[in-house]
Amino acid sequence: MYSNEEYLLELLQESGLLEERDIAQAQSNKKLNDSTLEFLIKSGTISDEQVAQSVAVNSGMEYVDLHGYTPHPGMKELISVEVALKYKVAPLGVNGSTLQVVVADPYDFETLDSLPHVLQPDIEFFCSTPSLIKTLMANIYGNEAVMGGGMRIGGALTEGDDAPIIKLCTNLLMEAFKNRASDIHIEPLEKDVRVRYRIDGVLHDVEHHPKRLLAAIISRVKIMTGTMSIDEKRVPQDGRIQMQFGDKQLDLRVSMIPTNNGESVVMRVLDKSSLTLGLSDLGFLSDDQATFERLITLPDGIVLVTGPTGSGKTTTLYACLNFINRPDRKIITVEDPVEYELAGINQVMVKEDIGMSFGAALKAILRQAPNIIMIGEIRDLETASIAINASLTGHLVFSTLHTNDAPGAVARLTDIGVKPFLIASAVRGILAQRLLRKLCMSCKAPTTLNERELRALGLEAAQMMNSNVMGPVGCNKCNQMGFRGRMVIAEIFEIDDEVRGMVNEQLTTPQLRRRARQLGMRTLREDGIRKVLAGMTAAEEVIEATMSDAE
């Protein structure tokens, strides 16, 4: 009846329209070919109007009551009977240049995705019950045409040969979203096609499909982007997919590359909820948060965020911009690419093919008189030089570098050609970070650290006396993984007058690190240990993420 019945049943429970015992009773009493929701409606436990209204609210569509609705004679010209029957939709009218269409299932992403291509790009969707839509279709096209076309309440129509692939790809994206996957990997192997989701930084093998389906899956993904060439299989391609999932917009960045077994796809889920995160949401403890807030509210200078790819640097920078974004400040970013749109902030995308490099963009935006500049990454001497000059002329600059620790950023800037005295003058602070999985709040349980974990973390058994160490268990909320979500562990290296002198003297990274420790800098591992003792993450997470930090 609905394409995502399991999700809808959860929604109806949360809204108080169903109870768990109603669902259990329906599942034990329904006929073999009935869905649980069909049985609940037929038995009178819930009405189809209640279901449709609840679905409409959750999906962001407007519910329309079609009782007594009389379509005008020209309605059948808006959508052909064949299209109406295939997608189980009916026309409502036209508002300016927008075609208004009523659907029974806002979670049928195949329909929502396909109709703008089949009919016209500008469509406004409304929601109603399957039975009312059936009646409307009979009034528009004639009862014989509708019944002859196989339309029935809760029924599925016979569709084209590509329908199973469309449904497979749609379900793949839906499941990834439901499981909070950060990216989706479709990988051609020698004999089959493997699908993996990355959840909280860890790849999980979720599906395998016959190799013969690869070409159809790849073609479907390319069609969904609207920009990739289906015929081109020899060179890498990039694109984006946007689709609605309930009341949320699902946005994916798609990368496709040819391999020896066929084209491989990675779809990165761009989670816009991260745009509203504050620093405390990222996992900073109060003392580190206070230090970092002081650094990012300075009037000028450079603040760097460092770490390997996938360590959350960009999310941290966005959180910084959210924290300092005010109407009296002009903020401009230079990114490659612009993945998220930030309200109230001017964002510039790098386009190397037309000469819009980081350096060229920075030169241009400095003429825009910004107060604050965010540079996606300092990659070369030109970008670094412009960033430093901007910081020395009254601008606050944020950027990222790929280094393993905070003091190592000084050596990295020196390696690309920046003079030590400029680094000492411009850089105000450096944050190094990693991402660790957070223990699931619903199922984590008290535990003790074994000898290997104590030894790896450099802890004594006596230090466990007042701790709150927890371990993963597994429950339905975390898909039996024991972890749900991720958080930052950090080390903050402040550049004070003494450190500036050491940078000018070109001291090595180990020497800078030792001095930073003497001045109170906590290492990544030490911050991780604090979070283990507070019951926020597991010891193994810290050990694995900070192997190079052990001393």
Side-chain angles (χ1 to χ4, degrees), residues 1-67 69 84-90 101-115 125-141 143 145-159 163-164 166-168 170-172 174-175 177-178 244-247 476:
M1 187 175 198
Y2 286 92
S3 57
N4 194 0
E5 184 175 282
E6 181 182 351
Y7 175 77
L8 183 53
L9 289 171
E10 291 179 6
L11 172 68
L12 294 170
Q13 274 187 270
E14 291 174 2
S15 61
L17 294 172
L18 287 177
E19 295 185 9
E20 190 171 346
R21 66 171 179 269
D22 297 325
I23 297 172
Q25 185 177 6
Q27 290 172 339
S28 62
N29 293 328
K30 70 183 181 71
K31 294 178 181 179
L32 181 62
N33 294 327
D34 272 353
S35 75
T36 302
L37 194 53
E38 280 180 312
F39 182 89
L40 288 164
I41 292 173
K42 288 177 182 177
S43 66
T45 306
I46 191 171
S47 70
D48 55 356
E49 286 89 355
Q50 286 177 309
V51 174
Q53 289 168 2
S54 182
V55 168
V57 169
N58 189 64
S59 66
M61 287 187 189
E62 181 181 341
Y63 174 79
V64 288
D65 185 352
L66 298 175
H67 285 102
Y69 178 81
L85 288 171
K86 178 176 180 179
Y87 294 105
K88 302 186 282 293
V89 302
V101 176
V102 61
V103 300
D105 185 3
Y107 302 113
D108 181 0
F109 299 119
E110 174 197 336
T111 293
L112 302 186
D113 179 47
S114 300
L115 281 181
F125 289 104
F126 296 82
C127 177
S128 193
T129 69
S131 58
L132 290 174
I133 292 176
K134 177 189 173 184
T135 300
L136 176 59
M137 291 174 67
N139 290 337
I140 295 174
Y141 303 106
N143 190 62
V146 172
M147 298 309 294
M151 180 71 180
R152 66 180 181 87
I153 299 174
L157 298 171
T158 302
E159 303 179 38
I166 293 174
K167 187 166 291 186
L168 185 154
T170 301
N171 287 341
L172 186 152
M174 288 168 54
E175 287 301 311
F177 181 84
K178 285 168 58 180
Q244 196 75 19
F245 181 73
D247 60 347
N476 290 336

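Numbers here simply count residues along the sequence, with the first being 1.
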*Of all residues at least two apart in sequence or in a different chain, which pass the side chain to side chain contact (heavy atoms under 4.5 Å, CB included) check with E49?*
S47, Q53, Y63, H67, T129
*Say you draw a straight line from NZ of K178 to CG of N171; how long is it, rounded to the nearest 0.5 Å?*
9.0 Å
_Side chain to side chain, M61 and V103, heavy atoms closer than 4.5 Å_ = yes
_Nearest non-hydrogen partners of C127 and A52, listed with the distance_ = SG-O, 3.7 Å
*Which one of I41, L40, L17 satisfies the side-chain contact (heavy atoms from CB on, under 4.5 Å) criterion with V51?*
I41
*Which atom pair, heavy atoms only, marks the closest approach of A104 to I133?*
N-CD1, 3.3 Å
*Look up atom CG in D105 and atom NZ in K88, then write down how far apart they are to the nearest 0.5 Å.*
8.0 Å
*Intermediate values then yes/no, side chain to side chain contact (heavy atoms under 4.5 Å, CB included), V55 and L8*: CA-CA 8 Å; V55 168; L8 183 53; 3.2 Å; yes
_Measuring from atom OG of S54 to atom CG of L18, what distance do you get when rounded to the nearest 0.5 angstrom?_
9.0 Å
*What's the verdict on side chain to side chain contact (heavy atoms under 4.5 Å, CB included) for L9 and T36, showing C-alpha distance, side-chain angles and the deciding distance?*
CA-CA 9 Å; L9 289 171; T36 302; 4.2 Å; yes
_Within this structure, what is the CZ-OG1 distance for the pair R21 and T45, rounded to the nearest 0.5 Å?_
10.5 Å
_Flag, side chain of N29 to backbone of Q25, donor-acceptor distance under 3.5 Å_ = yes
*What's the verdict on side chain to side chain contact (heavy atoms under 4.5 Å, CB included) for Y69 and V64, showing C-alpha distance, side-chain angles and the deciding distance?*
CA-CA 10 Å; Y69 178 81; V64 288; over 6 Å; no
*Report the C-alpha separation of V102 and L132 in whole Å, then their side-chain angles, then the decisive distance to 0.1 Å, and conclude whether the side chain to side chain contact (heavy atoms under 4.5 Å, CB included) test is met.*
CA-CA 10 Å; V102 61; L132 290 174; over 6 Å; no
*Taking C-beta and beyond as the side chain, do V89 and T111 meet within less than 4.5 Å on heavy atoms?*
yes
*Could you give the distance from CZ (F177) to CG (L172), rounded to the nearest 0.5 Å?*
14.5 Å
*To the nearest 0.5 Å, what is the distance between NZ (K167) and OG1 (T170)?*
9.0 Å
